[in-house]
Amino acid sequence: MASSRDLFHGMPPDRRRRLTDIAVEVSLPRATRLFEEGRRADHFWIIRSGQVVLDQRVPGRRAAVVETLGRDELLGWSWLFPPYLWHFGAQTVGPVEAVEFDAKVVRALCESDPVLGRAMYRYVARTVADRLHGTRVRLLDLYGPQGSGLDP
């Protein structure tokens with residue numbers, strides 16, 4: 001699974017500093033709703049501690065939890081791709097410590113600095129690919145004739 005180390009490891013120190021200079025440390029209490037599916041994606045976070053659930057609306061029912069994210073994981077990638085709308089909702093499970101980024105500022109940095117932009121796009125792409133793979137394995141476990149065949 002892609003982690004925050006993957007983002008910063010592949011980035012020259014001066015670019016890493018540009019990104020960390022705009023980061024804001026945040027403490028989020030339990031049950032904090034961070035964003036809603038279909039709304040504007042204007043921030044993203046790297047989780048330092050705690051857990052956040054991603055959920056999806058289900059007509060006539062409660063939102064379904066589709067994934068739980070934790071330490072060193074990226075929370076939010078919709079901010080990088082037009083039309084910049086969240087694909088899921090997100091809520092903290094318990095207290096969460098995270099680093100928050102303003103998406104508009106980071107997009108501008110990515111556009112003005114190809115090295116930083118390439119590192120950011122690779123990191124987000126790897127995160128999305130890892131989560132897609134995890135979803136496929138879970139679907140095979142649920143609906144495959146004999147499961148995925150992978151040990152937990």
Side-chain angles (χ1 to χ4, degrees), residues 1-28 32-58 63-144 148 150 152:
M1 182 65 77
S3 76
S4 60
R5 287 182 286 275
D6 297 327
L7 170 62
F8 295 112
H9 178 72
M11 198 179 285
D14 60 325
R15 282 13 187 262
R16 190 178 318 136
R17 195 171 24 265
R18 288 183 77 189
L19 200 54
T20 57
D21 283 349
I22 62 169
V24 177
E25 297 279 340
V26 295
S27 295
L28 306 165
T32 299
R33 196 77 184 156
L34 293 163
F35 50 85
E36 294 290 341
E37 181 180 348
R39 297 230 175 118
R40 192 118 187 94
D42 55 2
H43 288 84
F44 67 96
W45 300 260
I46 294 176
I47 301 168
R48 294 290 184 220
S49 67
Q51 293 184 320
V52 176
V53 293
L54 298 178
D55 57 36
Q56 189 166 21
R57 289 189 300 248
V58 179
V65 172
V66 295
E67 186 149 10
T68 302
L69 304 177
R71 182 181 175 90
D72 285 334
E73 290 191 281
L74 173 67
L75 172 58
W77 51 264
S78 301
W79 62 273
L80 192 55
F81 306 103
Y84 312 120
L85 299 176
W86 294 117
H87 292 115
F88 301 105
Q91 183 166 313
T92 60
V93 175
V96 168
E97 298 294 322
V99 180
E100 183 177 73
F101 296 88
D102 182 307
K104 190 173 183 179
V105 172
V106 175
R107 283 194 307 264
L109 281 175
C110 289
E111 290 297 318
S112 68
D113 184 338
V115 172
L116 188 147
R118 188 170 34 259
M120 182 60 72
Y121 276 91
R122 282 182 177 165
Y123 170 62
V124 172
R126 181 164 178 210
T127 298
V128 172
D130 287 348
R131 292 185 186 161
L132 178 59
H133 175 74
T135 299
R136 287 178 175 161
V137 169
R138 286 191 301 277
L139 285 171
L140 282 172
D141 284 341
L142 287 172
Y143 301 110
S148 65
L150 298 176

Specify the closest pair of heavy atoms between [X] and [Y], including all atoms of both residues, with the distance to one decimal.
| X | Y | value |
| --- | --- | --- |
| Val106 | Phe101 | CG2-CB, 4.0 Å |
| Phe44 | Leu74 | CD1-CD1, 3.5 Å |
| Asp72 | Tyr123 | O-OH, 4.4 Å |
| Asp42 | Trp86 | N-CZ2, 4.3 Å |
| Leu116 | Cys110 | CD2-SG, 3.9 Å |
| Ala90 | Val52 | CB-CG1, 3.9 Å |

Pairs touching residues 102-121 that satisfy ring-ring contact (aromatic ring centres under 6.0 Å, His included), sequence neighbours left out: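 The answer is none; no pair qualifies.
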
Checking [X] side chain against [Y] main chain: does a donor-acceptor pair fall under 3.5 Å?
| X | Y | result |
| --- | --- | --- |
| Arg40 | Pro83 | yes |
| Glu111 | Ala108 | no |
| Thr32 | Thr92 | no |
| Arg57 | Ala63 | no |

Give, for atom [atom1] of [X] and atom [atom2] of [Y], the distance between the pair rounded to the nearest 0.5 Å.
| X | Y | atom1 | atom2 | result |
| --- | --- | --- | --- | --- |
| Asp55 | Thr68 | CG | OG1 | 10.0 Å |
| Gln51 | Arg71 | CD | CZ | 12.5 Å |
| Glu37 | Arg39 | CD | CZ | 11.0 Å |
| Arg107 | Tyr84 | CZ | OH | 4.5 Å |
| Leu54 | Leu69 | CG | CG | 4.5 Å |

Hey, does [Y] have a side-chain heavy atom less than 4.5 Å from the side chain of [X]?
| X | Y | value |
| --- | --- | --- |
| Met120 | Leu19 | yes |
| Phe88 | Glu67 | no |
| Pro95 | Leu28 | no |

Single hit among Val99, Val96, Val26 for side-chain contact (heavy atoms from CB on, under 4.5 Å) with Trp45: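 The residue from Val99, Val96, Val26 that satisfies side-chain contact (heavy atoms from CB on, under 4.5 Å) with Trp45 turns out to be Val26.
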
For Ala129, all residues meeting side chain to side chain contact (heavy atoms under 4.5 Å, CB included), sequence neighbours excluded: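 Expected list: none.
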
Under the side chain to side chain donor-acceptor pair (under 3.5 Å) test, residues paired with Glu36 that sit two or more places apart: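 Side chain to side chain donor-acceptor pair (under 3.5 Å) list for Glu36, sorted by chain: Arg33.
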
Residues forming a side chain to side chain donor-acceptor pair (under 3.5 Å) with Ser78, sequence neighbours excluded: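 Ser78: side chain to side chain donor-acceptor pair (under 3.5 Å) contacts with His87.
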
Selection residues 13-22 - residue pairs positive for salt bridge (Lys or Arg N to Asp or Glu O under 4.0 Å), sequence neighbours left out: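 Passing the test, one end in residues 13-22: Arg15-Asp113, Arg18-Asp113.
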
Salt bridge (Lys or Arg N to Asp or Glu O under 4.0 Å) involving Glu97 - partner list, sequence neighbours excluded: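 Glu97: no salt bridge (Lys or Arg N to Asp or Glu O under 4.0 Å) contacts found.
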
